[in-house]
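Model, not experiment: these values are computed from the prediction. Below, each value reflects all heavy atoms present in this structure, side chains not excepted, and no hydrogens, waters or symmetry copies.
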Amino acid sequence: NTLLSSSYELSDGVGKLTSGLQTLDSNSAQLNAGAETVFNTLLDTANTQLQANESLKEAGITIPTLTIANYADTLNGVIASLDTESVIAKAEQVALEKVTAAVRAQEDTVRAAVTEAVQQQVTAQVTKAVTAQVQAKVLAGVLDAYQMTQDQYDALPADDGTKADIDSTVADRMQSDEVKQQINALTEQNVAAQMASDEVKALIEQKTEEQISLLIEQNMNSAEITGQINAAAEKAEAGAAQLTAVLQQLDSYNVFYKGLKSY
């Protein structure tokens, strides 16, 4: 009889439990929806903060809109791309492209300077050679006047009076306007011919490229470019730290969100 009377109480309790579970279950969708709303609000806040972050903008980082489904993969991917070595390599490549373009824009000026330098060298060499040739002809003419051969002249002692007279005569004639004009004319002709030769043209192009490479290297090693690369690395490091903090915050709420849905 006691068991029978108590069974009514048990039955009544089971009914209340069932009713309570039904009430709880009827609110599951509302609880899940509320949790999702909070999650989306957190993501909206994160998206707004990241889009307004100047450090990320200066580092050239563009982050797609974060959602519940993609936030983890998106942030982990961006954080991985902010590896210091990768950022420095990218910054160096960007700097190299800009420096190269700037130097190449001055290529005509560089080539003109190289051409002038090469022409000065060619002129010096040609002048020396032409002067020696003209001097040899002048000496030959003076030796004819002295009725002396080149071998006889070469055999004269250094302190010989005749040799001194011949040398003095040659020196005077070399200083004459006629001989100077002759040397200048021959020099101009030879310099022009050499400057127009394929050999000298190739030399100018080679030296131009060497000078451009040197200018690029100097600019890449400048304090300005080095500072830009270091700044990019620092900004990337700061950006990675900020993104990691955002990821941890979202992950923390995601644990609650998934736990609530599972419950």
Nearest heavy-atom neighbours spanning [X] and [Y]:
X	Y	result
Ile225	Ala95	CG2-CB, 3.9 Å
Ala46	Val246	CB-CG1, 4.0 Å
Ala236	Leu82	O-CD1, 3.8 Å
Arg173	Val179	O-CG2, 3.0 Å
Lys180	Gln175	CE-O, 3.3 Å
Leu31	Leu260	O-CD2, 3.7 Å

### Message
With heavy-atom distances below 4.5 Å as the criterion, would you say the side chains of Val134 and Met174 are in contact?
### Response
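Result yes, sub-4.5 Å side-chain heavy-atom pair found.
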### Leu43 side chain reached by Thr65 side chain, heavy atoms, under 4.5 Å
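No, too far: nothing below the 4.5 Å cut-off.
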Gap separating the [atom1] atom of [X] from the [atom2] atom of [Y], nearest 0.5 angstrom:
X	Y	atom1	atom2	result
Gln181	Ser176	CD	OG	8.5 Å
Asp251	Gln249	CG	CD	10.5 Å
Leu243	Gln248	CG	CD	11.0 Å
Ile68	Asn40	CD1	CG	4.5 Å
Ile63	Leu75	CD1	CG	6.5 Å
Glu107	Leu215	CD	CG	11.0 Å

### Message
side-chain contact (heavy atoms from CB on, under 4.5 Å) for Met195 and Thr115? Distances and angles first, verdict last.
### Response
CA-CA 9 Å; Met195 291 299 295; Thr115 300; 3.9 Å; yes
Donor-acceptor pair, distance only, cut-off 3.5 Å: does the side chain of [X] make one with the backbone of [Y]?
X	Y	answer
Ser222	Asn219	yes
Thr41	Thr37	yes
Tyr253	Ala35	yes
Asn190	Val126	no
Ser81	Val78	yes
Gln152	Thr149	yes
Thr100	Leu96	yes

### Message
Could you go through Gln51 and Asn47, starting from their C-alpha distance and side-chain angles, then the distance that decides it, and tell me whether this counts as side chain to side chain donor-acceptor pair (under 3.5 Å)?
### Response
CA-CA 6 Å; Gln51 289 174 4; Asn47 284 321; 5.2 Å; no
### Message
Taking atom CD as the centre, does Glu97 end up with more than 12 heavy-atom neighbours from other residues, nucleotides or ligands that are less than 6.0 angstrom away?
### Response
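Counting neighbours around CD of Glu97, more than 12 heavy atoms of other residues, nucleotides or ligands fall under 6.0 Å, so yes.
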Between [Y] and [X], is there a side-chain donor-acceptor contact under 3.5 Å, judged purely by atom types and distance?
X	Y	answer
Asn254	Tyr71	yes
Asn70	Thr67	yes
Tyr153	Asp160	no

### Task
Look at the side-chain heavy atoms of Ile, Leu, Val, Met, Phe, Trp and Tyr, link any pair under 4.5 Å apart, and say whether Leu214 and Ile204 land in one connected group.
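Unlinked, Leu214 and Ile204 end up in two clusters.
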### Query
Can you list every side-chain hydrogen bond (donor to acceptor under 3.5 Å, both in side chains) pair that touches residues 193-210, not counting sequence neighbours?
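Applying side-chain hydrogen bond (donor to acceptor under 3.5 Å, both in side chains) to every pair that reaches into residues 193-210, excluding sequence neighbours, yields Arg104-Glu209, Arg111-Glu205, Gln206-Glu210.
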#### Entry: Sequence neighbours excluded - side-chain hydrogen bond (donor to acceptor under 3.5 Å, both in side chains) pairs with any residue from residues 122-144
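Qualifying pairs: none.
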### Message
For Met220 and Thr226: C-alpha separation, side-chain torsions, deciding distance, then whether side-chain contact (heavy atoms from CB on, under 4.5 Å) applies.
### Response
CA-CA 7 Å; Met220 287 298 293; Thr226 302; over 6 Å; no
### Task
Apply side-chain contact (heavy atoms from CB on, under 4.5 Å) to Asp165 and Tyr146, showing your working.
CA-CA 10 Å; Asp165 290 340; Tyr146 277 81; 3.5 Å; yes
